[in-house]
Amino acid sequence: MSAVTTRRRVRGRDERSLAGSLLLHGTLIVASLISLFPIVWLVLTSLKPRDGWLSTELKFFDGASLDNYTRVLTETQFPSWLLNSVIIAGLTTVIGVFLASTTGYAISRFRFPGYRGIMWMLLVTQMFPVAILIVPLYNLMAGLGLLNQIPGLVIAYMTVAVPFCAWMMKGYFDSIPREIDQAGMIDGLSPFGTFWRVILPLARPSLAVTAFYSFMTAWGEVAYATVFMTGDDTRTLAAGLQQFVGQYWADWGLLTAAAVLIAVPAAVVFLLVQRNLVAGLTAGATKL
């Protein structure tokens with residue numbers, strides 16, 4: 001009697017009942033469909049004729065064409081916006097990764113005057129929402145003559161990306177034994193040489209997360225781009241999309257086509273770093 005009861009109570013994870021398995025898979029399928037619906041709707045709307053989005057008929061591929069994409073690329077300033085976004089996101093990623101990795105390594109390995117102050121600064125800067133920082137940053141950029149300038153927007157984005165990424169990198173560097181640094185020193189490497197040639201290759205997963213976060217911070221951000229880049233030739237993609245929306249109208253064909261084109265580079269970057277995202281997030285993304 002007791003043996004039967006024990007056998008019923010102890011059940012492995014792989015021994016789920018049929019009803020439980022069906023419920024689980026059904027829930028996952030429904031959740032996947034809900035998640036994919038906006039993307040499918042976006043792509044299908046971008047393929048409809050100019051006023052096709054007004055139709056209520058369920059003829060998704062009736063009259064499908066690439067006319068909206070042609071209009072976006074030839075009749076708007078989308079190529080200029082794309083170039084600006086690529087430059088800004090690229091600079092933010094490269095400079096952000098360098099600053100975050102060097103800062104994270106410094107506060108992980110060394111103790112120096114002002115160490116505690118830097119730790120608190122990295123933590124406190126993440127507590128302020130973007131809306132609060134816009135006014136002081138705008139005044140600072142205006143005083144430095146960096147409004148409507150790519151370097152000014154890059155600096156603004158790094159104020160968001162670098163503190164979080166530096167804290168995350170610090171957590172990852174803490175998981176790397178200090179004996180590896182000492183071995184590099186014994187081999188004749190300088191502290192920076194040890195960091196560059198020994199530690200950074202080991203921190204590749206965290207570097208991938210840092211690069212992805214920095215890129216996405218600059219690629220899809222709207223508030224800073226709208227306030228700091230007001231010129232027609234300096235707008236980014238996120239700010240440029242607002243030109244397709246008026247007070248009483250919206251060109252959904254151009255909006256959806258541009259949104260699909262904007263999502264492609266972000267998807268490519270994600271595919272390039274996806275192998276390292278989970279390892280990097282779990283190893284170094286814990287805030288204290």
Quick one: CZ on Phe215 to CD1 on Ile88, what's the gap to the nearest 0.5 Å?
-> 12.0 Å
Is it possible for you to say whether Leu237 and Val245 belong to one hydrophobic cluster, with membership spreading through side-chain heavy-atom contacts below 4.5 Å?
-> yes
Give a yes or no on this: more than 12 heavy atoms of other residues, nucleotides or ligands lie within 6.0 Å of atom CZ of Arg111.
-> yes
Minimum side-chain heavy-atom gap Cys165-Val97 below 4.5 Å = no
Here the pair of heavy atoms bringing Asp174 nearest to Ser108 is OD1-OG, 2.6 Å
Please assess Phe173 against Phe195 for the test side chain to side chain contact (heavy atoms under 4.5 Å, CB included), listing each intermediate value before the final yes or no.
-> CA-CA 10 Å; Phe173 288 137; Phe195 162 75; 4.0 Å; yes
Under 4.5 Å between side-chain heavy atoms, hopping through other hydrophobics if needed: is there a path connecting Ile176 to Ile186?
-> no
Specify whether Phe78 and Trp81 have parallel, tilted or perpendicular ring planes, treating 30° as the upper limit for parallel and 60° as the lower limit for perpendicular.
-> perpendicular
Considering all heavy atoms of both residues, which atom of Leu202 and which atom of Tyr172 are nearest to each other, and what is their separation?
-> O-OH, 3.3 Å
Would you say Met185 and Leu189 are hydrophobically clustered, going by side-chain heavy atoms of ILVMFWY under 4.5 Å?
-> no
Counting N and O atoms only, with roles assigned by atom type, does the side chain of Ser80 sit under 3.5 Å from a partner on the main chain of Gln77, one being a donor and the other an acceptor?
-> no
Between the side chain of Glu179 and the main-chain N/O of Asp181, is any donor-acceptor distance below 3.5 Å?
-> no
Any side-chain heavy-atom pair of Phe164 and Thr125 under 4.5 Å = no
Considering all heavy atoms of both residues, which atom of Ala258 and which atom of Phe244 are nearest to each other, and what is their separation?
-> CB-CE1, 4.0 Å
Mind running side chain to side chain contact (heavy atoms under 4.5 Å, CB included) on Met119 and Trp167 for me, showing each step along the way?
-> CA-CA 8 Å; Met119 294 289 290; Trp167 193 276; 3.7 Å; yes
Are any side-chain N or O atoms of Arg178 and backbone N or O atoms of Arg109, one a donor and one an acceptor, separated by less than 3.5 Å?
-> yes
Do Ser85 side-chain atoms and Leu82 backbone N/O form a donor-acceptor pair below 3.5 Å?
-> no
Does Asn68 reach the main-chain N or O of Lys48 with its side chain, forming a donor-acceptor pair under 3.5 Å?
-> yes
Side-chain contact, heavy-atom cut-off 4.5 Å: Leu200 with Leu207?
-> yes
Check Ser35 against Pro38 and note the closest heavy-atom contact, atom names and distance.
-> O-CD, 3.3 Å
What distance separates Thr93 OG1 from Met216 CE, expressed to the nearest 0.5 Å?
-> 10.0 Å
Check whether any side-chain heavy atom of Asp251 sits under 4.5 Å from a side-chain heavy atom of Leu255, and report yes or no.
-> no
Are Leu254 and Leu66 connected, step by step, through hydrophobic side chains (Ile, Leu, Val, Met, Phe, Trp, Tyr) whose heavy atoms are closer than 4.5 Å?
-> yes
CG-OG1 distance between Leu83 and Thr236, expressed to the nearest 0.5 angstrom | 12.0 Å
In terms of side-chain heavy atoms, does Thr76 have a donor or acceptor partner in Gln243 at a distance below 3.5 Å?
-> no
Pro201 to Arg197 - nearest heavy-atom pair and separation = CG-O, 3.6 Å
Could you tell me which non-hydrogen atom of Ala89 sits nearest to which non-hydrogen atom of Ala218, and how far apart they are?
-> CA-CB, 3.7 Å
Just one of Thr159, Val154, Leu153 clears the side-chain contact (heavy atoms from CB on, under 4.5 Å) bar with Tyr157, so which one?
-> Leu153
State the CG-CG distance between Leu22 and Leu18, to the nearest 0.5 angstrom.
-> 4.5 Å
Is there a side-chain contact between Thr210 and Phe98, using heavy atoms and a 4.5 Å cut-off?
-> no
Calculate, to the nearest 0.5 Å, the distance between atoms OH and CZ belonging to Tyr138 and Phe228 respectively.
-> 8.5 Å
Flag the pair Thr256 / Leu44 as yes when at least one side-chain heavy-atom distance between them is below 4.5 Å, and no otherwise.
-> no
Is there side-chain contact between Tyr115 and Phe110, with at least one heavy-atom pair below 4.5 Å?
-> no
Cluster link Val162 to Phe128, ILVMFWY, side chain under 4.5 Å = yes
How long is the gap from NZ on Lys170 to OG on Ser206, to the nearest 0.5 Å?
-> 12.5 Å
Val198 and Ile180: side chain to side chain contact (heavy atoms under 4.5 Å, CB included), yes or no, with the steps?
-> CA-CA 8 Å; Val198 179; Ile180 296 179; 3.3 Å; yes
Given side chain to side chain contact (heavy atoms under 4.5 Å, CB included), test Tyr69 with Leu47 step by step and report yes or no.
-> CA-CA 8 Å; Tyr69 292 91; Leu47 296 174; 3.9 Å; yes
Sidechain-backbone polar pair: Asn148 side chain, Thr234 backbone, donor-acceptor under 3.5 Å | no
Close side-chain approach of Met169 to Thr103, heavy-atom, < 4.5 Å | no
